[in-house]
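Remarks on the structure that follows.
Every chain is numbered from 1, with letters handed out A, B, ... down the list of sequences. All of these numbers come straight from a predicted model, not from anything done at the bench.
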Amino acid sequence: MIDRVFMSRGFDNFDFRFIGLIFAILGIGVLSIYSVTHDQGVAYPFYAKQIVWILLGTIAFLVMWLSDYHRIARLAYPAYAIILILLAVVLFEGKSSRGAQRWIPMGPFAFQPSEFAKLILILTLAHYYSQAPRIGWLQRVVLPGLLVLPGLLLILKQPDLGSGLSFLAVYAAMLLMVGMRSKAVGVILLFSLMLFPFAWEMMWGSLHDYQRQRIMTFVDPVYDPGGKGYHALQSRIAIGAGELTGKGLYGGTQSQLKFLPEGHTDFVFSVFAEEWGFLGVLVLLLLFVGLIWLSLEIVARAKDQLGALLAVGILCMLSFCVVINIGMTAGMFPIVGIPLPLMSYGGSATIMTMASLGLLLNVKRRRLSFF
Amino acid sequence: MATAGLHDSELGELQRRLIILRVGLLLVVALLGLQLWNLQIREGPYYRDLSENNRTRSVIMEPARGLIYDRNGVLLANNVPSFTLYVSLEDVKDRDLLIDQLSNLLGLDAVLVRKKLTARGSKQLPRKVKDRLTLREATLIESHRLDLPGVMVQVESQRNYPGGITASHLLGYVGEVSPEQLEKPEFADLHQGSIVGQYGVEKFFDRLVRGQAGQKSIEVDAVGHEKRTVVVEQPHAGDNLYLTIDARLQKVAENLLGEESGAIVALDPRTGDVLAMASRPGFDPNILSRELTPKQWAEIVQDEGRPLNNRASQGQYPPGSVFKVMMAAAALETKTVTPSTSIYCNGGYQFGRRLYHDWKAGGHGSVDLRHALVHSCDVYFYTVGQRMGIETMASFAHQFGLGEETGIELPSERVGIVPSEAWKKKAKNESWLPGETISASIGQGYVNVTPLQMASLIGTVANDGVMFRPRLVQAVMDRATGELQQRSAVPKRTLNLRPGILPVIKEALAGVVKEGTGTKAQSALVTIAGKTGTAQMTALRTGPEKDIPKKFRDHAWFVAFAPVDAPTIAVAVLGEHLGHGGSASAPLAKELIETYVKLNLPAPSGVKDGTVARIGDAGGQGTR
């Protein structure tokens, strides 16, 4: 059946635009990674590895695009159970890097379960809401909340504040989109207000020192340029120094001379902004906005609730990451370690993002085959 | 459950809610765009500056100090390349850690390192932490580069004195400019860590020799690695100095003193050129130009022999009988006596209740001026001094350059003491006692002179009363233009004496060597005139000289000039605690003069032609 639909419909103009935007952003990402890491003189430079990830991601994209998303959604609960186990494994067996344990070593590579957990959470929640009408705040809010909780706690324990926030964002977006009665909203608001001090205490207490420092110095990074606000300040300098037209490829002294750390991962946007200036940034933002806009179209045209919820979840997760990442590099948010989708270097993130986008496009392709 | 319909209505509701997402997302993206506009367009230039500042470091390029040569172009001070350790404060992330690391790696004193890093001054300029790193230390630092952000090893030129201890007091030494010096206007263009002359010629001519520091901006990465040089403002090397001294003569003078404390000054009376100026004990300027620990410094300063004291220009001693040269001239000028006036010496001079002894028990009998000088009769000069009075003596002493700076171009020259009523009132708040005039007339009592003053005095007599300011630097070569600028001799004054007086004295001084107290200065090579002097250290003189502990023994003076009929060299020798001038110092003066004669130096410029070109040639070779 996959073949039949694929062959009969082929690519339409929408698909072309959607896939084009994805690869345009991926290309910009590889270029920026190349710019910062081309002179490292290692056998497998980051840009080359990233191209491999993109190829793998393309396979994931095709698989997610061309399968039946209803069938994929049916695997949501077992997949969620497996990812919870993997998240637990990470805590005990994982590879740590910079004070956090996020990776499971797999030969020469490392696998980051928290990235995939985001997509699986979307599947799980969409599956939950679409299985049966969920009525009342217990069914609509509390039960899915209990679904989210174990994953969230395991991720925060790593600690991976960025992924944890993404988790919450997905949950909040889903809630928003399924809709709640005004009474339910009121109860939740009241409840959260009452719980806030305790939650804050728990959150703050569970944060590592470096995370607290990051949040604290976010307020004024210039205060301590050599210290904890270093990343934030150097990133702002990189972006600002790009001015209108940028310093040109390889011209970004902030990243080329390593003042800006993590230029190929979390701060890839700063690298791009320094080298291509505000004009480049505008183009990039337009590409992202275009992709988000097409995704919104897919949601609007989804023919069933599962499709709409999947699409909305993915859309919200990716938009959240884009906004938070750019916002943190530009000094609007604290540094929380969220990669920029499709641009930051990273195998798990790239493959997961492309798989998500495949699933998103799948929702649009499947709009007629409702059963 | 047939819930499709319900689902559908929920789907519709969901899709209607998309407007919230659309608006929300657009709003957020617009905010992002606005922030980026702020950063890149509105504050772009500010951040561009910050990024430039991030990657560029100012590094001072220390200038090479000017070279110092002797009068024949023999190198006395040059520069050798050496490693210097700098710390760029901007790149230091953890200062305490760095101090720990540096003191562990190089064995530096942590307190000292901290002091250097925290000293006042621009944060942009790197701080000099240690100079003269060994190759091993430099390699050690380079290999730990990644763990030492902000640490740089620069190759710089360090002052070097090839002769070591030779001419140490004259040349002086260099050192880092002190915080107190930095406050002064003459050091205004310097910075912490700048090297300036701290002693001797290095200090006096620092302005010329110092040169001007350059600056380079280097691009560094986040670890402080130098990537490339952006702007270079080359340093300007200091000017070269050509001294008047002859290194060979200087060496001989120092060897003559050997282990004894004392000073030898040799001048060319025709120009005031300092041919040699030795002071012992000396020091190795190479060591003092290094950074000394407080302990090392204390050892040098507290050394009993006071090696840092330039005895030639800073040591003050009673002139003893050398003073009689001036006294004789004064007596003739004031017509207190004529050359033929005889005074009877019975070995003592009674004044009031006190008997002033002559050095010769039993006395010299009837003596005239020549005899009094040749045999250094004390009673003759007691009598003359008593007749002239202290004020007349003082005014002539001043005329002969005593009690005032000779004007030599060395820092902290001392002037000695020419006692007078006014001086005593001022210095001691006591009135003058008549007996003190008698002591003063043979150069004892309060009279104090420096060996340099004595050399200048005898040189002036030799030069028929024309006194020159002692000159140390005869030429300066501008390093930028290569231009050699001669510095002319500076006549100071002509003694206000009637003609005929000095020839009488010169003849008598020749007699001192020929037949008097200075026969030990007799030379087969050249005729020498001179005057002995013995500066009494203590009035308690019992028994023979050798039984007295050395530190209470007299200072031995000998001043001389040669050849007698056309003097080209004037010498003053002072040996501390060496006893009689005639026995201890006269032979040294003779040796030095003979060496000088054997060297057969060309006549100075203005006396005979040809000197200027020779100096220039020698200098040219030296710089190459």
Relative to chain B, which segment of [X] carries a heavy atom at a distance below 4.5 Å: side chain, backbone, both, or neither?
X	value
Leu244(A)	both
Ala273(A)	both
Phe320(A)	neither
Leu306(A)	neither

Top of [options] for chain B proximity - count of heavy-atom pairs under 4.5 angstrom:
options	result
Cys316(A), Ala308(A), Ala300(A)	Ala300(A)
Leu309(A), Val322(A), Val281(A)	Val281(A)
Gly277(A), Ala173(A), Gly246(A)	Gly277(A)

For this session: Would you give the length of the straight line joining atom OH of Tyr47(B) to atom CD of Glu274(A), rounded to the nearest 0.5 angstrom?
Result: 13.5 Å
Exercise. Among Leu50(B), Asn38(B), Asp49(B), Leu18(B), which residue forms the greatest number of heavy-atom pairs with chain A at distances under 4.5 Å?
Worked result: Leu18(B)
For this session: Output the residues of residues 24-36 of chain B for which the shortest heavy-atom distance to chain A is under 4.5 Å, in residue-number order; output 'none' if no such residue exists.
Result: Leu25(B), Leu26(B), Val28(B), Val29(B), Leu31(B), Leu32(B), Gly33(B), Gln35(B), Leu36(B)
Exercise. Going through the distances and angles, do Gln40(B) and Ile239(A) end up as a side chain to side chain contact (heavy atoms under 4.5 Å, CB included)?
Worked result: CA-CA 6 Å; Gln40(B) 300 195 283; Ile239(A) 295 174; 3.7 Å; yes
For this session: Please report the closest heavy-atom contact between Leu39(B) and Ala330(A), naming both atoms and the distance.
Result: CD1-O, 3.6 Å
Problem set entry | Those residues that, when tested against Arg22(B), pass salt bridge (charged side-chain N to carboxylate O under 4.0 Å, His left out) (two or more places apart) | Glu297(A)
Seminar exercise, completed: Taking a cut-off of under 4.5 angstrom between non-hydrogen atoms, the residues of residues 286-296 of chain A near chain B are Val289(A), Ile292(A), Trp293(A), Leu296(A)
Problem set entry | ring-ring contact (aromatic ring centres under 6.0 Å, His included) partners of Phe278(A), counting only residues at least two apart | Trp37(B)
